[in-house]
Amino acid sequence: MKSEYKIELYTGIRPTGDLTIANYVGAVKPLVELQKQGVKSLVFVADIHSLTDNEPATASKFCREVVADYLALGLDPSKTNIYIQSAIAYQVSYMTLLLARHVSVAELLRVPTLKDKLRNNANPKTANALLLLYPVMMASDILLQRAKSVPVGEDQLAHMEVVRRLARDFNTKYGEIFPIPTVQQVKSLRILSLKGSRKMSKSFPEGAIFLTDDMTKVKKKIKSAETALEGKLSDSLQSHIILAKELCDDHEVHSKIDTIIKDHMDGKHVMGAFKDLLTVIVVDFLSKFQVRRAEVVRDPSLIDGILKEGASMALANAESTLDLVRSSIK
Ligand code: AMP
């Protein structure tokens, strides 16, 4: 058991409602693709992490909703186990305390993402201490499950360094307890808002397409999307092209997009045709998603069963790791 991995691929999802198509393209689709390649995964809904920014009631409110979204977007429960993080709240909390003893306040304050946050959108005088503890909690999640590979974007690389360092130091002090997790850096796609140059996000709903949007709204939003002047390739247009291709895997459709963009670069007025095609692609994707989601939520016992199975697996892994920890530290 010592140093043995138990989980091939491990990742967390945020318990937020109102996912956008950018969330699908940037976060859900890469996971579904790894699953298609046969990688067995364990996914957790990070409601304990969400306490950093939310009241406990809000943190737990969207857990089942986001699981329904992910299932309807292609997560296959026969290949991927899913649990809600708070199902093992005791184990996560205890492990976090034990690990926190092995990291200094100074090291945590040096983590670049924290520095960025404190500079841009959190005030050190008012931000709560969970913000500082985030990498330690992350270590606790990953190490308890004995995860081998953790896919992360560039912004999470520094956190993974803390996780790996903590695992190594704990092992050096108490014996071989944790297998060292490896980092799988994922290419980060940045889908831009339909309006302006910021990224598509639910905090700017006018420029975002939500998975729950009705088709009339989608058509209207795409109709007023920013594109580019004839002969020019703006960041917006490039992002719309990526979005269209990511939402539809059909090669013929990809060729149609390429032809339109070639005409556009030759100075022709084809942005109307491009928007029409983008609309067809988005409407097709969303209508299929919405039908699947309605099926997923029709029988609540489906999600209950999936979460129960996931929780029992996560609990078994966490408890056997904690048994090792308890016997090594005494
Ligand atoms: P958020 O809910 O904004 O924290 O996003 C969760 C995840 O969705 C991010 O970590 C990204 O992987 C993905 N994501 C969100 N917005 C975008 C975007 N505009 N373009 C690409 N991926 C995105």
Side-chain angles (χ1 to χ4, degrees), residues 9-35 41 43-54 58-59 61-63 65-70 72-75 82 85 112-114 116-117 120-122 130-131 134-135 137-138 141-142 150-160 183-213 218 221-222 225-226 234-247 278 281-282 285-286 289:
L9 190 101
Y10 184 67
T11 193
I13 58 183
R14 284 159 40 111
T16 49
D18 295 336
L19 293 190
T20 68
I21 45 174
N23 289 124
Y24 167 70
V25 169
V28 190
K29 193 178 176 206
L31 189 59
V32 171
E33 273 169 5
L34 283 167
Q35 176 191 266
S41 321
V43 172
F44 72 102
V45 183
D47 60 341
I48 300 183
H49 288 290
S50 176
L51 293 173
T52 310
D53 304 309
N54 295 294
T58 315
K61 193 169 158 197
F62 291 108
C63 289
E65 299 296 316
V66 81
V67 171
D69 288 337
Y70 269 64
L73 289 170
L75 211 67
I82 310 172
Q85 191 186 18
T113 32
L114 177 67
D116 277 358
K117 274 209 165 161
N120 300 324
N121 39 27
L130 286 176
L131 194 63
Y134 176 76
M137 276 201 275
M138 181 172 168
D141 298 320
I142 296 168
V150 184
V152 292
E154 202 174 341
D155 57 333
Q156 294 279 332
L157 289 177
H159 293 150
M160 282 306 295
V183 183
Q184 187 179 336
Q185 195 180 343
V186 288
K187 66 168 180 170
S188 46
L189 276 175
R190 202 176 133 85
I191 301 297
L192 298 185
S193 168
L194 296 176
K195 291 202 167 132
S197 56
R198 69 187 96 190
K199 65 175 210 167
M200 186 182 286
S201 145
K202 71 171 176 183
S203 53
F204 184 60
E206 302 91 296
I209 295 175
F210 294 93
L211 295 180
T212 47
D213 274 350
V218 170
K221 282 180 180 172
I222 296 179
E226 284 168 23
S234 63
D235 288 346
S236 282
L237 179 56
Q238 272 175 340
S239 167
H240 303 337
I241 297 168
I242 293 173
L243 178 65
K245 290 188 173 177
E246 288 288 334
L247 289 179
L278 180 60
I281 292 170
V282 175
F285 175 82
L286 284 186
F289 162 77

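Whatever order the structure lists ligands and atoms in, that order sets their numbers, starting from 1.
- Taking the six-membered ring where the residue is Trp, Phe44 and Tyr10 present parallel rings, their angle staying beneath 30° rather than reaching 60°.
- Among residues two or more places apart in sequence or in another chain, the ring-ring contact (aromatic ring centres under 6.0 Å, His included) test is passed with Phe289 by none.
- For Ile48, the side chain to side chain contact (heavy atoms under 4.5 Å, CB included) criterion is met by Leu51, Gln85, Ser86, Ala89, Val92, Met137, not counting sequence neighbours.
- Atom CG of Asp116 sits in a crowded spot, with more than 12 heavy atoms from other residues, nucleotides or ligands closer than 6.0 Å.
- Around ligand 1 you find Arg14, Ala22, Asn23, Gly26, Ala27, Leu189, Arg190, Ile191, Lys199, Met200, each with a heavy-atom distance below 4.0 Å.
- In terms of the side chain to side chain contact (heavy atoms under 4.5 Å, CB included) criterion, residue partners of Ala244 (sequence neighbours excluded) are, by chain and number, Ile257, Leu278, Ile281.
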Output, in order, the C-alpha distance, side-chain angles, deciding distance and verdict of side chain to side chain donor-acceptor pair (under 3.5 Å) for Ser234 and Ser236. CA-CA 5 Å; Ser234 63; Ser236 282; 4.7 Å; no
